[in-house]
Engineer: 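Quick one: structure below, then a few questions.
Protein chains get the first letters and strands the later ones, always in sequence-line order, with residue 1 at the start of each. The structure displayed is predicted, hence computed values, not measured ones.
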Amino acid sequence: MSQALLDIRGLETAYGAVQVLFGVDMEVHAGEIVAIIGPNGAGKSTVIKSVIGLAPARAGTITFNGRDITREAPHHIPALGIGYVPQGRIVFARMTVEDNLEMGAFLIKDNAKRRQAVEAVFAQFPRLHERRSQLAGSLSGGEQQMLAIGRALMLDPKLVILDEPSLGLSPKYVDLIFEQLVGLKKQGRTLLMVEQNAARALELSDRAYALELGRNRFTGKGAELLANPDVRRMYLGGYGVRTGSAG
Amino acid sequence: MPARQIAFGLALVALAALGPLVGSQYHQAFLLQLFMMVALAQSWNLISGMTGYVSFGHAAFFGVGAYAGTLFIQSGFPWWLAILNGSLIALALSVPLGFLTLRLRGAYFAVAMLGLNEVARIVATLWVSLTNGGSGITLQPAILPPLTVNYYLMLALAIVATIIVARVYHSRFGLELRAIREDEGAAEMIGVNTTRGKLTAFVLSALIPGAAGTVNVMYTSYINPSSAFDPSLNIQMIVMAMFGGSGTVWGPVLGASIVMGLREMLWAQYPALHLMFLGAMLLAVVLFLPGGIISLFTRKKVVRPEVMSTGDGERRG
């Protein structure tokens with residue numbers, strides 16, 4: 001197997017005295033969509049917070065693109081080629097859509113290049129283009145999520161990490177956001193996402209990791225996990241167990 | 001910085017520089033205090049207006065600087081060295097303090113700074129061997145420069161403070177600070193070193209108050225703990241900056257001028273009621289003009305990343 005783009009080995013993370021992760025292993029290969037599923041408190045979000053430096057690892061290693069990023073500070077992460085879409089659609093509410101995107105390319109000092117990146121995101125998300133001079137805080141939840149994704153793409157990241165991209169969105173927007181994630185994969189981007197909607201996440205992803213209480217529990221192709229009765233029972237609330245259909 | 005604003009600033013400075021030539025002692029004394037408030041409101045603006053970390057204890061830097069300067073003058077050093085010393089001591093205090101307090105967000109930071117000012121006041125009161133305690137220190141007027149010199153010194157501090165704010169406002173660094181103000185987490189995610197940004201702004205914001213404290217003692221020739229660490233000074237600089245428009249270049253200048261001017265006009269006529277008038281005005285501004293008086297003159301825009309590449313704001317029409 002080729003070297004993983006993101007390689008997590010024996011990750012242990014704690015918030016103060018409360019240990020959340022107890023040796024999690026994970027790999028993300030170039031071009032994949034990888035999902036992390038698990039019940040509340042399993043440590044899903046903590047894994048990605050450790051990757052981007054918001055919750056520094058206590059033990060273990062995190063390697064990205066051949067480089068050890070275990071102790072990297074959060075503000076160094078964007079320049080390394082990791083885009084992050086935080087949970088809860090954190091945008092600069094009092095800035096316009098266009099300015100939010102420009103802020104996403106804060107590290108690019110060349111105006112022309114930054115404009116190019118903005119136009120590329122607009123081409124991909126025509127809705128954002130329509131709303132470009134609107135304040136981000138006035139957008140609908142789904143549009144804000146789109147904007148957060150667009151902002152994460154501004155530096156043309158190798159890996160996009162999404163924390164609960166569908167959380168709190170209307171069903172219509174959940175469909176739209178998931179479609180866009182597939183679109184990103186088709187462009188050759190690599191995605192790692194935490195998702196509470198485990199069924200949708202497994203359908204969409206190439207591979208998935210199911211966590212339980214801070215440890216790996218199941219690992220495999222998305223479709224395999226979706227067909228696994230144990231996974232269904234534990235993570236999907238019995239979703240489709242009787243009918244055997246993935247819905 | 002736009003040429004029109006530079007011209008406006010130069011005109012203001014020229015006008016202020018004429019003060020001692022045309023004004024009476026009373027006018028000079030009033031303007032000196034106005035300059036002091038501009039310098040303090042601008043300094044507060046640097047950390048609190050730009051990053052949203054509201055400090056309720058900036059008088060601590062003013063007071064610590066004042067004591068440092070006073071002790072230097074008392075020991076026979078020239079006043080210019082005392083001013084420098086006041087500034088440097090405030091700076092030296094701000095670095096460890098910033099490390100400690102800037103982790104705190106929102107109200108916690110504000111309260112920590114308020115506490116600092118009180119602690120400083122108590123230390124100054126109890127450390128009698130150094131500060132002469134509550135009796136304070138009186139400097140011999142003979143070794144202090146005349147009013148006109150103090151006038152120009154305070155004017156210089158107001159100018160320097162405003163220039164620092166303007167330089168920061170129109171720089172990439174200023175954009176970092178505004179990103180922190182809008183959303184610190186998001187700022188970090190786009191690659192802003194938020195710790196460094198906050199600390200730099202904090203340290204810059206301590207410099208001028210330290211110097212202003214010393215010049216103020218050179219003007220009044222007296223210092224005691226409650227004049228140096230006057231809690232109402234904290235409130236005044238916040239009120240003036242917000243009244244004019246915090247987070248902007250000219251807001252604190254405007255706010256200090258209007259509030260000081262009105263107060264001067266009103267207190268003689270309505271000794272008991274003038275504070276009520278001012279309070280009502282402040283309420284009205286906060287309620288109806290949250291961006292301050294300055295927002296009447298500027299187009300409604302909060303942040304534009306026009307300064308991402310320094311010096312080139314011409315990228316779109």
Side-chain angles (χ1 to χ4, degrees), chain A residues 48-49 52-54 72-96 98-119 132-133 135-137 144 147-148 150-155 157 160-161 163, chain B residues 49-52 99 102-103 105 168-201 245-248 290-292 295 298-317:
Chain A
I48 62 183
K49 282 185 181 145
I52 62 168
L54 282 178
E72 207 65 74
H75 63 268
H76 288 146
I77 294 295
L80 296 175
I82 297 179
Y84 174 54
V85 182
Q87 185 176 336
R89 309 180 289 279
I90 298 174
V91 294
F92 295 108
R94 295 196 298 163
M95 296 190 200
T96 65
E98 189 163 12
D99 288 350
N100 262 275
L101 292 179
E102 292 228 8
M103 289 300 284
F106 179 78
L107 295 174
I108 304 179
K109 292 182 190 177
D110 181 327
N111 280 334
K113 278 191 190 151
R114 212 170 53 240
R115 287 308 302 169
Q116 257 176 7
V118 172
E119 295 306 330
R132 64 186 181 281
S133 42
L135 291 185
Q144 287 186 12
L147 179 57
R151 189 181 59 196
L153 295 177
M154 284 296 291
L155 293 178
V160 182
I161 297 182
D163 195 352
Chain B
M50 299 284 218
T51 71
F99 267 113
L102 288 167
R103 302 154 185 269
R105 296 199 178 176
V168 168
Y169 187 86
H170 293 278
S171 70
R172 262 181 80 82
F173 174 56
L175 190 62
E176 289 186 17
L177 298 186
R178 274 171 278 167
I180 291 171
R181 183 182 69 195
E182 296 304 314
D183 194 300
E184 193 164 342
E188 206 159 33
M189 271 168 250
I190 59 171
V192 173
N193 185 343
T194 54
T195 309
R196 193 188 60 195
K198 286 185 291 185
L199 194 64
T200 310
S246 72
T248 67
S295 60
T298 48
R299 278 192 304 126
K300 226 180 188 158
K301 56 179 182 187
V302 179
V303 182
R304 295 191 84 174
E306 65 217 350
V307 291
M308 283 226 211
S309 69
T310 31
D312 178 5
E314 303 301 316
R315 115 192 116 54
R316 57 179 170 217

Engineer: Taking all non-hydrogen atoms of both residues, which atom of Leu107(A) and which atom of Arg172(B) are closest, and how far apart?
Structural biologist: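 What the structure gives for the nearest pair is CA-NH2, 4.1 Å.
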Engineer: Any side-chain heavy atom of Ile77(A) sitting closer than 4.5 Å to one from Glu188(B)?
Structural biologist: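 A side-chain contact is absent here, since even the closest heavy-atom pair is not under 4.5 Å.
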Engineer: Quick one: are Pro86(A) and Met189(B) in side-chain contact, heavy atoms under 4.5 Å?
Structural biologist: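 Side-chain contact under 4.5 Å: yes.
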Engineer: Decide side-chain contact (heavy atoms from CB on, under 4.5 Å) for Ile190(B) and His75(A); before the verdict, give the C-alpha distance in whole Å, the side-chain angles of both, and the deciding distance to 0.1 Å.
Structural biologist: CA-CA 7 Å; Ile190(B) 59 171; His75(A) 63 268; over 6 Å; no
Engineer: Say you draw a straight line from CD of Glu182(B) to CG of Asp99(A); how long is it, rounded to the nearest 0.5 Å?
Structural biologist: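 Interatomic distance, Glu182(B) CD to Asp99(A) CG, rounded to 0.5 Å: 10.5 Å.
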Engineer: Between chain B and each of Ile90(A), Ile52(A), Leu54(A), count heavy-atom pairs under 4.5 Å; write down the option with the most.
Structural biologist: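 The candidate making the most pairs under 4.5 Å is Ile90(A).
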Engineer: Please report the closest heavy-atom contact between Pro78(A) and Gly191(B), naming both atoms and the distance.
Structural biologist: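 That closest heavy-atom pairing would be CG-N, 3.5 Å.
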Engineer: Could Arg178(B) and Phe92(A) be counted as a cation-pi pair, given that NZ or CZ must be under 6.0 Å from the ring centre and within 45° of the axis?
Structural biologist: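 No.
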Engineer: In Å and rounded to the nearest 0.5 Å, what is the CG to CZ distance from Asp183(B) to Arg94(A)?
Structural biologist: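 It is 11.0 Å, given to the nearest 0.5 Å.
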